[in-house]
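In what follows, chains are A, B, ... by sequence order, proteins preceding strands, each numbered from 1.
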Amino acid sequence: MKAIGIILAGGNNDGRLGALTDHRAAAALPIGSCYRAIDFTLSNMSSSGIGKVAVLTQFNSRSLRDHLMSSKWWDFGRKQGGLFVFTPYTSKEGSTWFRGTADSIYQNMTFLKRSNEEYVVITSGDSIYKMDYKKVIKEHVAKGADITVVYQNMAGKDLSKFGVMEVAEDGRLMGFEEKPAQPKSENASLGIYVISRTLLINLLEQAIPEGKYDLVKDIIIRFIPTLKIYGYEYNGYWNSVGAGTAAYFAANMDFLNKEVRDHFVSEYPYIATKPKDEPPAKFNRGADVKDTITGSGSIFDGKVEHCVVFRKVRVGVGAVVKNSILMEGVQIGEGCVVENAILDKDVVLSAGQKVIGASVEEPAVLKKGTVL
Amino acid sequence: MRKKEMIAMLLAGGQGSRLGVLTRKVAKPAVAYGGRYRIIDFPLSNCINSGVDTVGVLTQYQPLRLNQHIGIGIPWDLDKKNGGVTILAPHVKVGDSGEWFNGTANAIYQNIDFIDNNDPEYVVILSGDHIYKMDYSEMLKFHKEKGAAATIAVMEVPMDEASRFGIMNTEEGDKIYEFEEKPANPKSNLASMGIYIFTWDRLREALIEDNSIHPDSDFGKHIIPKMLEEGQPMYAWRFQGYWKDVGTIQSYWESNMDLIRTLPEFDLYEDFWKIYTNSDHQPPQYTAADAKVEESLLSDGCEVYGEVYSSILGPGVIVEKGAVVKDSIIMAGTVIGEGSLVDKCVIDEKCKIGKNVQMGVGEDVPNELKPAIYNTGITVMGMNSIVPDGVVMGKNCVISGATVAADYPDGKLASGKSVIREV
């Protein structure tokens, strides 16, 4: 039951995250004090025994490539297999950006053709979850499915942001609507697919020359009547940082919840990330840090409450920071007040500055490198 | 194989018996320091930061943890095609001969083949006993400028403390004319740091000659005096900066505590000259809504629900609600139970302190079994130890193993007492 993996990490999610994805792919978004979003999918691949993985990138991939450069942290530094990072390229036939998710796989067809594993697991790079893909493949095989789509019951959530699936009693996919105004079910696709490698090659070779470039619309939805497509229900923790600034904020704050933290941090398999070799977090005299997670290398003198603090952050004497995300390298000067805010990497606030967002749904966002 | 200008030989085989139960299961260089580090991370990181990419690590006493920690050297970028880190253990030689490493120089003598294989011009000899950041390439530059056969790194120590060290007596240009081990009336205050650079062919010769005389050949006792006697050019290289021996419970505790000051004398937070370590993953640390943490270091994965003052917590330490930890060093994976007090203790990895335990309270009486080791008021717990709920424990106590309520009559352990359960 050997499989290869494909992680779709191309997008900046149509700018839904504003300044946060001005200069990074959604998959490279920092989360939970020390991770980037793609760490979760990469770790899932690795712990599911998938040893050969392609990451398809397009939009502003520098930070993502930097993060993935040495793939050994996810155990992908191998002679056989390992991690392949693909970007659009120029060739004799000209150059094309990836015109859609299906096209991005098609343009890297060689990766599929040169592999001999039977299955392909296709995922997005911006979801936060821990999943054993082996179980999905096992069910895929047991059902004799052509394609398996993983979904979750999201009763009570805004389904108009998801692909909504109608799934029959036996798991067969009966209908699939992208971002429906009136959803017909509560089952949302998680963007995780299992398909046989040869079938994927065939479907792509049919679709792309016809100008059909989207994996969901032009492969899944199109073939519902003719292929055996099944749903696989997943009930564990799942979140996406890519849906928008508020969703990104909430996904980070979830890590203040002990169950979420234990799930990812204390329970094996762990989520791996590129190590940064920072010393332990330091709490000086007078520091008051409550209900907060922090990365290594940060130094606290002031007051911090209900925050997600990344690595190498400095919070100065008398500063008060609440309900905020402070990314790597942020420096908060003496006496600053920060509330309901996302301070992107290397933001520097000189003494006495105030940054206050309207609410956690509409946090103030300071772009990477902003100096106030 | 490409020729290496200088390789490092790191002596990591010693027990470090003055660290008591902390070195029961691991060699001294593998003891945790500064929360997430181990002592050996400092010389190893110094090597790679100095451009020394070939390191032989000599192990002997309890090497398992050390081997796991070093692995193939990935955290230090010492996983190299040519060079990198090699663990050198005592081994059997032809005709069933072979022996333990019987002295610092003897250990190097037994690994002459390893050094010859790398064909270096110079060899730097290091130990896994000290916390410091040093650029060995600067020392090598000095060694070459002086045309020395050996260069010994020295620190200026206060004159009244000089009699505790190996002292180098020097003439003009820091040329050494005499070495005195712990002299009663020191002539100089240049203390040897146990870091030597040798021109390899000179050292090779000296090792072979001395081996036939001293089967326990030692750098301080035999090799350095011998080379001085022969009139070989030997120089003292003055090091300025933080350097701490962590050989005793008290010095180990003090050196850790040096890190928690607002402006520490020894700065781990600068991007220049980073110290690397091996950790399997680096989750965030959490301080709960009613937690209080001041003047402390929290390593990755710590969860604090109680209060922590002037302490250093290793990776994955949990301080439960209502517990108070102060002036203590708590190593990886240890859990401090609800409502417990831990005052001036060193608690090794993966220990469990029950609920409402009090440790380190009462009068300061030296330990009865080993007064020479535990005598500064610090209570020490060995790896994987357990203390049951409600125990009240004094100062200079020693706990090792899974202790149970019956080990504590009236739920008490007086200062200076020990509970050692073999595990």
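Remark: of the listed residues A:Ser33, A:Ser298, A:Ser296, A:Ser33 is the sole one forming a side-chain contact (heavy atoms from CB on, under 4.5 Å) with B:Pro284.
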### Task
For side-chain contact (heavy atoms from CB on, under 4.5 Å), just list the numbers for A:Phe283 and B:Thr287, CA-CA rounded to whole Å, side-chain angles, deciding distance to a tenth of an Å, and then say yes or no.
CA-CA 11 Å; A:Phe283 298 73; B:Thr287 44; 4.1 Å; yes
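A pairwise comparison of heavy atoms in A:Pro280 and B:Gly35 identifies CG-CA, 4.3 Å as the closest pair. Residue B:Ile260 comes nearest to A:Asn284 through the heavy atom pair O-OD1, 4.3 Å, listed as atom of the first residue, atom of the second, then distance. Contact record, B:Leu259 with A:Lys282: O-CE, 3.3 Å, taken as the closest heavy-atom pair.
Within the 3.5 Å criterion, the main-chain N or O of A:Lys290 finds no donor-acceptor partner in the side chain of B:Lys292. Side-chain atoms of B:Arg36 come within 3.5 Å of backbone N or O of A:Glu278 as a donor-acceptor pair. Remark: the backbone N or O of A:Thr294 is not paired with any side-chain donor or acceptor of B:Tyr286 at under 3.5 angstrom.
For a residue to count as touching a neighbouring chain, one of its non-hydrogen atoms must lie under 4.5 Å from one of that chain's; by this rule A:Phe300 does not touch chain B. With a 4.5 angstrom heavy-atom cutoff, B:Ile312 does not touch chain A via any of its atoms. With a threshold of 4.5 angstrom between heavy atoms, A:Lys258 approaches chain B through side-chain atoms but not through N, CA, C or O. If you measure heavy-atom distances from B:Asp267 to chain A, you find no contacts under 4.5 Å at all. When heavy atoms are compared at a cutoff of 4.5 Å, A:Leu256 approaches chain B by way of both its backbone and its side chain. In this structure, the portion of B:Thr277 lying under 4.5 Å from any heavy atom of chain A is its backbone and not its side chain.
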Contacts table for residues 313-322 of chain B: side-chain donor-acceptor under 3.5 angstrom, sequence neighbours left out:
{"residue": "B:Glu320", "atom": "OE1", "partner": "B:Glu338", "partner atom": "N", "Å": "3.0"}
{"residue": "B:Lys321", "atom": "NZ", "partner": "B:Asp290", "partner atom": "OD2", "Å": "3.2"}

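Here B:Leu298 is the residue among B:Leu298, B:Val304, B:Ile74 with the most heavy-atom pairs under 4.5 Å with chain A. The most heavy-atom pairs under 4.5 Å with chain B, out of A:Ile293, A:Asp288, A:Val265, come from A:Ile293. Between chain A and the options B:Gln285, B:Lys274, B:Glu295, B:Glu294, the largest number of non-hydrogen pairs under 4.5 Å is found for B:Gln285. Among B:Tyr309, B:Tyr276, B:Tyr269, the residue making the largest number of heavy-atom pairs under 4.5 Å with chain A is B:Tyr269.
The local environment of CD in B:Gln68 is crowded, with over 12 non-hydrogen atoms from other residues, nucleotides or ligands closer than 6.0 Å. The local environment of NZ in B:Lys350 is sparse, with at most 12 non-hydrogen atoms from other residues, nucleotides or ligands closer than 6.0 Å. Counting non-hydrogen atoms of neighbouring residues, nucleotides and ligands closer than 6.0 angstrom, the NZ atom of B:Lys326 reaches no more than 12 such neighbours. Within a 6.0 Å radius of NZ in A:Lys322, no more than 12 heavy atoms belonging to other residues, nucleotides or ligands are found. Counted within 6.0 Å of CD on A:Glu259, heavy atoms from surrounding residues, nucleotides or ligands total 12 or fewer; the atom is thus considered open. Atom CZ of B:Arg261 is surrounded by more than 12 heavy atoms from other residues, nucleotides or ligands within 6.0 Å.
Distance check: B:Tyr37 OH to A:Asp277 CG gives 7.5 Å after rounding to the nearest 0.5 Å.
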